[in-house]
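Have a look at the structure below before the remarks.
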Amino acid sequence: MRLPAARGPLTDELITALRQPAGSVPLFGAGLALDPPTAALADDDLQLGLWTCYELHYAGFTDAQPGWEWEPELMSWTRALEDLFSSALRSCVSPAPMPAGESIAEHLRALIDADSGPELARHLQSNATAAEWREFVTHRSIYHLKEADPHSWAIPRLRGKAKAALVEIQSDEYGAGSVSRMHSELFRATMRSLGLDDSYGYYLDQAPGVTLAISNLMSYFGLHRENRGALVGHLAAFEMTSSTPNRRYGKGLRRLGGDAAATRFYDEHVTADALHEQLAAHDLCGSLVADEPELADDVLFGAACALHLDNLFAAHLLGCWESGHSSLRMTETEQLTGCQIVVTATGTGAVVG
Ligand SMILES: [Fe+2]
Ligand SMILES: [Fe+2]
């Protein structure tokens, strides 16, 4: 993957620097203030900046100079963005603390049952057009093409039953030894069936901040040991809210003529996540909180953050579609020419006037 196009002063500074030898360019964090601060959760420039810094720990960029991953100046630059992201999350998400001695699994279930976000899955099942479906899959490619990787950061940070439960979940996510069954590979098949390009990061420039924030949240939790409770809580919320919407997604794609290859990613999650939800809530979160009771509130915070960002994402898509707009970002060229991206059935990123 190549470095993305800049979206503002932060990413302009960052991406220019990453093309130079590591450490040879000072980083100032230009314009590090957002009004209101909660705008950080969907800010294009900040979220792309974070995503780019984090990506140095994943697949990286072919046109970034080596050595930046652990460059001290970049780490403090990243930290400044993380502080804005974290403050915004704390402002928006504050689940009630868990009373000592109660079950974390029950509290996770109560948190999820109390959530009433926009009905994106229902829309995709019953009403979405093929173009809206392609947009949805384009957004989701930012995470699903590296599905499970961010939660793997927790493996060396856990012990005993919690570690075993996480490894069992992750093994399924990675296909249990079979590349063709890896969830990221199943998603690539879904993309291809919709005429989308399944290359890793292909649609990064089209993904708005609200989409990048979903991946950034996992990386932020995953790359800091102190956030291990939030990371497993996040995974639990993922798994516990997966089966029903994935059943709807599968039905939605079949309604539009999707074949077994198109829907396998979603069908697989209906069954796999019915088990993963139990593993995550009881064996993973339950065991971690039994060992480290002081992490209970972090687990709930991570779960609540997952729900909140998913709701922002759903509201963005439904709001755009309701008003007749694409939910994807227009590239600079398209903005200049007043064109809009339309992902076609036969190709990708086609532009129409
Ligand atoms: Fe999965
Ligand atoms: Fe899962």
Side-chain angles (χ1 to χ4, degrees), residues 58-59 104-105 108-109 111-112 115 120-121 124 136-155 158 161-194 198 200 211 214-215 217-219 221-222 230-253 258 260-288 299 302-303 305-307 309-310 313:
Y58 294 99
I104 190 73
L108 284 166
R109 173 46 60 200
L111 186 70
I112 289 163
D115 181 62
L120 179 61
L124 288 161
F136 171 68
V137 170
T138 299
H139 285 282
R140 288 302 201 200
S141 70
I142 300 299
Y143 170 62
H144 288 319
L145 292 181
K146 63 175 169 193
E147 179 156 324
D149 288 347
H151 294 112
S152 296
W153 297 120
I155 294 172
L158 301 177
K161 199 171 174 185
K163 185 197 284 275
L166 178 57
V167 169
E168 185 174 351
I169 293 170
Q170 297 302 85
S171 175
D172 287 345
E173 303 292 341
Y174 291 129
S178 163
V179 173
S180 65
R181 290 176 55 207
M182 287 175 71
H183 289 185
S184 53
E185 290 297 316
L186 299 182
F187 192 76
R188 292 179 69 205
T190 300
M191 294 186 78
R192 290 192 297 272
S193 74
L194 288 167
D198 64 354
Y200 184 80
T211 300
I214 289 174
S215 287
L217 178 67
M218 294 179 243
S219 298
F221 288 159
L231 183 64
V232 302
H234 181 284
L235 179 59
F238 241 41
E239 302 292 354
M240 295 170 80
T241 57
S242 175
S243 281
T244 301
N246 276 297
R247 185 176 288 110
R248 294 190 188 285
Y249 299 147
K251 287 179 177 175
L253 270 185
T263 64
R264 189 172 169 206
F265 174 84
Y266 300 110
D267 298 339
E268 176 75 18
H269 281 87
V270 173
T271 45
D273 289 347
L275 170 63
H276 289 175
E277 117 168 45
Q278 299 301 321
L279 283 169
H282 295 278
D283 298 350
L284 173 56
C285 294
S287 302
L288 177 65
V299 171
C305 286
L307 299 175
L309 291 193
D310 219 41
F313 172 75

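Order of listing sets the numbers, starting from 1, for every ligand and every atom in it.
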Check E277 with R109, please: is the shortest side-chain N to carboxylate O separation under 4.0 Å?
yes
In [X], which N, O or S atom comes closest to the Fe ion (ligand 1)?
X: H269; result: NE2
X: H183; result: ND1
X: E147; result: OE2

Of all the atoms in H144, is at least one N, O or S atom closer to the Fe ion (ligand 1) than 2.8 Å?
no
So, is E173 placed with an N/O/S atom under 2.8 Å from the Fe ion (ligand 1), counting both backbone and side chain?
yes
Does the gap between the ring centers of Y143 and F238 come in under 6.0 Å?
yes
Given the side-chain rings of F265 and H144, with only the six-membered ring counted for Trp, is the space between their centroids under 6.0 Å?
yes
Polar side-chain atom of S184 near backbone of L145 as donor-acceptor pair, under 3.5 Å
no
Verify, without hydrogens or angle tests, whether Q170 (side chain) and A148 (backbone) share a donor-acceptor contact under 3.5 angstrom.
yes
Any idea which N/O/S atom from D273 gets closest to the Fe ion (ligand 2)?
OD1
Give the ring-plane orientation class for Y266 versus F187, where under 30° counts as parallel, over 60° as perpendicular and anything between as tilted.
perpendicular
From H276, does some N, O or S atom reach closer than 2.8 Å to the Fe ion (ligand 2)?
yes
Taking both backbone and side-chain atoms into account, decide whether D172 has an N/O/S atom under 2.8 Å from the Fe ion (ligand 2).
no
